[in-house]
Chemist: 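Pasting a structure below so you can have a look.
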Amino acid sequence: MSKFAMELTGVKKSYGDKIVVDGLSFTVAPGECFGLLGPNGAGKSTIARMVLGMISPDAGKITVLGEPVPSRARWARMRVGVVPQFDNLDLEFTARENLLVFGRYFGKSARELEAVIPSLLEFARLESKANARVAELSGGMKRRLTLARALINDPQLLVLDEPTTGLDPHARHLIWERLRILLARGKTIILTTHFMEEAERLCDRLCVLEHGRNIAEGSPHALIDKHIGCHVIEIFGGNPRELSSLIRPYVQHIEMSGETLYCYAPDPEQVRVQLRERAGLRLLQRPPNLEDVFLRLTGREMEK
Amino acid sequence: MDEGFAAALPANAWNWLAVWRRNYLAWKKVAFASILGNLADPMIYFFGLGSGLGIMVGRVEGTSYSAFLAAGMIAASAMTASTFETIYAAFARMRDRRIWEAILYTQLTLGDIILGELAWAATRAFLAGTAITIIAAMLGYAAWPSVLYTLPVIALTGLTFASLAMVVTALAPSYDYFVFYQTLVITPMLFLSGAVFPINQLPGAFQQVTRFLPLAHSIDLIRPAMLGRPVVDVGVHIGALCIYAVVAFFLSSALLRRRLLR
Ligand SMILES: Nc1ncnc2c1ncn2[C@@H]1O[C@H](COP(=O)(O)OP(=O)(O)OP(=O)(O)O)[C@@H](O)[C@H]1O
Ligand SMILES: [Mg+2]
């Protein structure tokens, strides 16, 4: 057994002329939550599908739970749970039937499944919806049912593709809490997301992707320290170009995104002094976060 | 490349059963309407053609027209039941409803899914064909006990046409293309295979074509069994149906792999 739950080495994938994953390498340790961060089209879902052996890489090597993928993907998938980017629950069935039918795909008997389904529904906070048809469930409930479905084979590794996109904050926090419980139980998670907050809260380590390339990797704090490492002042309400030339000498770096200026300022007071005379400006001083790292690295704003 | 094709083949001899059971569970919820729908169409043909044309036609191949038609309707109902299940219902499960996609997250392979869908379509065909057989028997158009030989033939007919339809499902970009398959392949097959009138009524060239049509092989097995006559060339007919089923299975597997696993 390799000491990694997952290992990618030099993985490449193109569609036609378009290179979607470009020589990507990373490892995920057992019990770790590893994040794949990147804008739309960065290749996150393509990586997830390659890890599951649903598509083959053009080059490179993938190992999942000690099994080479795609050649032995079926054996790897026996111990993997999946939450896809787009729900694909079976709308003809109730919540309970969805779990039953899915469990059969893993070769489990109805009796074995009847024994675990109630606890899975409870875990997903869907006890009261056991006999509701999937079509009657809200978006958040469907997501939780999909998570319960991913746990039916008691997997060691979970592949979660944007598990909380499209959910309201309450539903999102509920999923995060559930995921933390799974991590505490020793599951390994690989998670793709656009949400910096999600990555910062859940991931032990993450990798920032752009055009299928790994442009930064590390723990959220290490990335923040390395790429920002000082306070951030957000300035809005003025002419960003003019302001940026005014304060440039007093800051380490300036990023412009839409109407907002992000100033990475080791000494925030100096910036404030410069802007004291200006009316109508709004300043927000805060500690740096992952979103700043992302802006810094890609120069592009991500979905909030 | 070679190891990739393994993903398009069944992983073992029993995995497909989980897919079959998924479809069975969904079908059970609407079984009554579904059986009624399966029966209505061939029954209308049977009574419409049988009683209407029967009077004008008189006797065909030494039997009443209705007795002649019964075998044709049994084979045709098996053909249409499994064809429609595969081109419409299985296509929806593959594309619109992403059910196959979810199954591919488990230890099942694409080949397991295809086999499960074919077995399910054959089951639907078996139900439809058997129902017509029972009705024909109640009306006195079935010879006992040779009628029992029709049952495995109905299942095999269903499997063969499911397999052929799976090739169409694998290729079709949308539902609109299924109409071509119906009007250019399925409907002509009905008239060229001796389902509603004897093949020797066709012009000579068509009679040659007929020998290659799977429905004709199916009818050549079912009709003697229904009429209590000896069957000739059993091995040829069964072999032909099996070859169509197997070749189409591998072809559709290769096509679906290209479509879904890339
Ligand atoms: N089967 C395919 N055929 C052709 N191009 C594809 C295919 N699958 C993905 N792509 C392309 O690959 C790129 C990456 O897609 P992917 O879905 O992996 O991105 P993503 O990071 O998951 O994006 P999002 O955040 O929008 O989900 C996109 O430009 C997409 O158009
Ligand atoms: Mg995606």
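Since we're looking at a predicted model, the values are computed, not measured.
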Chemist: When you look at OH of B:Tyr177, are more than 12 heavy atoms from neighbouring residues, nucleotides or ligands closer to it than 6.0 Å?
Modeler: no
Chemist: Would you call A:Glu92 and B:Arg22 a salt bridge, using N to O less than 4.0 angstrom?
Modeler: yes
Chemist: Identify the heavy atoms of A:Glu97 and B:Lys29 that sit nearest to each other, and give their distance.
Modeler: OE1-NZ, 2.7 Å
Chemist: Tell me, do B:Arg21 and A:Arg104 make a side-chain contact under 4.5 Å, heavy atoms counted?
Modeler: yes
Chemist: Tell me whether the count of non-hydrogen atoms from other residues, nucleotides or ligands lying under 6.0 Å of CZ in A:Phe106 goes above 12.
Modeler: yes
Chemist: Using heavy-atom distances under 4.5 Å, tell me whether B:Leu108 contacts chain A through its side chain, its backbone, both, or neither.
Modeler: both
Chemist: In this structure, are over 12 heavy atoms from other groups packed under 6.0 Å from B:Tyr175 atom OH?
Modeler: yes
Chemist: Using a 6.0 Å cut-off, check whether atom OH of A:Tyr15 has over 12 heavy atoms from anything other than its own residue.
Modeler: yes
Chemist: Would you indicate whether the side-chain heavy atoms of B:Tyr105 and A:Arg149 approach each other to under 4.5 Å?
Modeler: yes
Chemist: Should we say atom CZ of A:Phe123 is surrounded by more than 12 heavy atoms from elsewhere, each under 6.0 Å from it?
Modeler: yes
Chemist: Where along residues 127-140 of chain A does a heavy atom come under 4.5 Å of chain B, listed by residue number?
Modeler: none
Chemist: With chain B as the partner, which of A:Ile152, A:Asn88, A:Thr146, A:Leu100 has the greatest number of non-hydrogen pairs under 4.5 Å?
Modeler: A:Asn88
Chemist: Determine whether a donor-acceptor pair (N or O, by modelled atom type, separation under 3.5 Å) exists between the side chain of A:Arg74 and the backbone of B:Gln107.
Modeler: yes
Chemist: Does some side-chain heavy atom of A:Asp90 sit less than 4.5 Å from a side-chain heavy atom of B:Arg97?
Modeler: yes
Chemist: What is the distance from atom CD1 of B:Ile103 to atom OH of A:Tyr105, rounded to the nearest 0.5 Å?
Modeler: 3.5 Å
Chemist: Between NZ of A:Lys13 and CZ of B:Arg262, what distance do you get to the nearest 0.5 Å?
Modeler: 7.0 Å
Chemist: Does any heavy atom of chain A fall under 4.5 Å from the side chain of B:Asn15, the backbone, both, or neither of them?
Modeler: side chain
Chemist: For B:Leu260 versus A:Arg49, what's the shortest heavy-atom pair and its separation?
Modeler: O-NH2, 3.5 Å
